[in-house]
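Indexing begins at 1, ligand by ligand and atom by atom, following the structure's order. In this chain, numbering begins with 1 at the start of the sequence shown.
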Amino acid sequence: MILHDKIDAQLPEWRDRVVKLLKEHGDTVAGEVTIKQIYGGIRGVKALVTDISYVDPNEGIRFRGHTVPEVLKKLPKPDGAEMPYVGGLYYLLMVGDYPTKEQALAVEAEWAKNADVPKHVFDTLRTMPKDTHPMVLFSQAVLALQGTSKFAKQYAEGIGKFDLWKPALDDAVALTGKLGVIAAFIYRLKYKDGVAPKYDPNVDYGANFARMMGIEAKEYEDMARLYFILHSDHESGNVSAHTMHLVGSTLADPFHSFSAAMDGLAGPLHGLANQNCLAFLMDVQKKFNGAPDEDQMRDFCWETLNSGKVIPGYGHAVLRVPDPRYTAQFEFAKAHFPDDELFKVALVMNKVVPPVLKEQGKAKNPWPNVDAISGTLQYHYGITEFDFYTVLFGVGRALGVTANYVWARALGQPIERPKSLTTKMLEDIAAG
Ligand code: HAX
């Protein structure tokens, strides 16, 4: 497999680099931690390492060192498409270099080979109560695949620690190849005909997803590619990425680890935020019977803030500029459906909210984040079931977290075990 060969070729150098750094500078202090950070969600503590992506406060995410506009421009695209192959992005995350079109197609071909989902997975989901949340079904489906794990099998057979990345990679490709089918099945089971979708090996991942979802607009193929690429990775500290890493550090296989990551993504403070943002836009649209003018929007924002609520879709824990993932989606919407009513509300918000938040002076970042618009795009193309949006996020996020999982095994990263203190100990530290 192409990803296997490319990673294998780089590994000796990477391992030497890490061994040298640890040997020569293992005791060098890389950061510090305050009592506020310990009580505050370990926010900002520099305690993780990943080479897959980095969030720069002033630039946003860089995938393997490349910004979102660069990646969207430079990755190869299917003929006639506006957005790149998702398989090309997976190659970039896994290997670290831009793929040629042939290399992106080789990843797409691996996915096509792995897209068959065992019948028992569909059957498991079919037995669940009708009102089961799509994220429960998603996590369950991944866990139901665990019996197919080559990693778990080879671990039980005694594979050496430094070879573990190989079955990890096989599982990563098998899992990501199936996730589009699983997500589309969950959508159809919950909201449509309940028929298990079929993956077409003649078209790419994005086109397959659009078709399996039953969305006729050709543009949605590009929308799907864009959405999965933008949601793929955001460093290691966010809850879904960190959960995958933490559970994987026990040498739980990729299926166990990813299912756990998705349970974290299901939280309202993480993957569910996009649905709050869309609900806010719809409230505005309903209240003003369409898009408000800027004065009306400004008053509505102040009302929201004065009632103690946040303005969804704005602000960020790390970023200090408009999120480039927002900008890419905003530009897509502007180019394809500038007259959409919800997009018009998003447009007015985009003008009005940052100055309002600046004037209020609390938010460290007054700019829009990825969630400010992602629901609007899905809604426009007919995916109106809010509960499903986090599953879409999960399909994208799988690309980044599985790449991290493979590299963590390749570099032999150990089980995670930070140290806890008691409040009394912290009080004693504070007292000097
Ligand atoms: N509206 C109103 N107030 C806001 C705000 C917003 N959009 N963003 C931040 N603030 C407030 C905070 O609530 C906080 O107030 P208090 O001091 O009273 O607690 C203050 O400004 C400082 O917050 P901050 O340091 O700028 O932001 P945080 O790192 O604490 O939080 C959040 C980052 C994204 C959670 C925050 O900006 C927020 O609540 N935004 C709205 C919800 C949202 O868009 N969530 C999606 C996040 C995207 C993401 O990362 N998804 O995974």
Would Thr304 count as a contact residue for ligand 1, given that I'm defining contact as a non-hydrogen atom of the residue lying under 4.0 Å from a ligand atom? no
Identity and distance of the protein heavy atom lying nearest [atom]:
atom	value
atom 34 (C) of ligand 1	Gly315 O, 3.7 Å
atom 38 (C) of ligand 1	Tyr314 O, 4.0 Å
atom 26 (O) of ligand 1	Lys364 N, 2.7 Å
atom 27 (O) of ligand 1	His316 O, 4.5 Å
atom 52 (O) of ligand 1	His270 ND1, 3.6 Å
atom 43 (C) of ligand 1	Gly313 N, 3.6 Å
atom 47 (C) of ligand 1	Asn369 ND2, 3.7 Å

I'd like to know if the side chain of [X] pairs up with that of [Y] as donor and acceptor (distance under 3.5 Å, no hydrogens or angles considered).
X	Y	answer
Tyr379	Asp340	no
His336	Glu82	yes
Thr402	Tyr90	yes

At under 4.0 Å between heavy atoms, what of Ala317 touches ligand 1? The answer is both
At a non-hydrogen distance cut-off of under 4.0 Å, which region of Val370 contacts ligand 1 (side chain, backbone, both, or neither)? neither
Given [options], which has its nearest heavy atom closest to [atom]?
atom	options	value
atom 13 (O) of ligand 1	Ile311, Asn238, Val310	Val310
atom 46 (C) of ligand 1	Val239, Asp371, Asn274	Asp371
atom 5 (C) of ligand 1	Pro368, Ala363, Ala372	Ala363
atom 16 (P) of ligand 1	Arg43, Lys362, Lys309	Lys362

[X] atom [atom1], over 12 foreign heavy atoms within 6.0 Å:
X	atom1	answer
Asn58	CG	yes
Arg17	CZ	no
Glu303	CD	yes
Phe386	CZ	yes

Would a search of protein heavy atoms around atom 31 (O) of ligand 1 find one under 4.0 Å away? no
Does atom 20 (C) of ligand 1 have a protein non-hydrogen atom under 4.0 Å from it? yes
Less than 6.0 angstrom separating the ring centers of Tyr85 and Tyr91, yes or no? no
Hey, which atoms in ligand 1 end up nearer than 4.0 Å to a heavy atom of Ala273? 45 (N), 46 (C)
So, the side chain of His245 versus the backbone of Ala241: is there a donor-acceptor pair under 3.5 Å, distance only? no
Show your working on side-chain contact (heavy atoms from CB on, under 4.5 Å) between Arg298 and Glu359 and close with a plain yes or no. CA-CA 11 Å; Arg298 196 171 298 111; Glu359 193 182 330; 5.9 Å; no
Check the pair Arg325 / His234 against side-chain contact (heavy atoms from CB on, under 4.5 Å), numbers first and verdict last. CA-CA 11 Å; Arg325 301 172 301 168; His234 219 230; 3.3 Å; yes
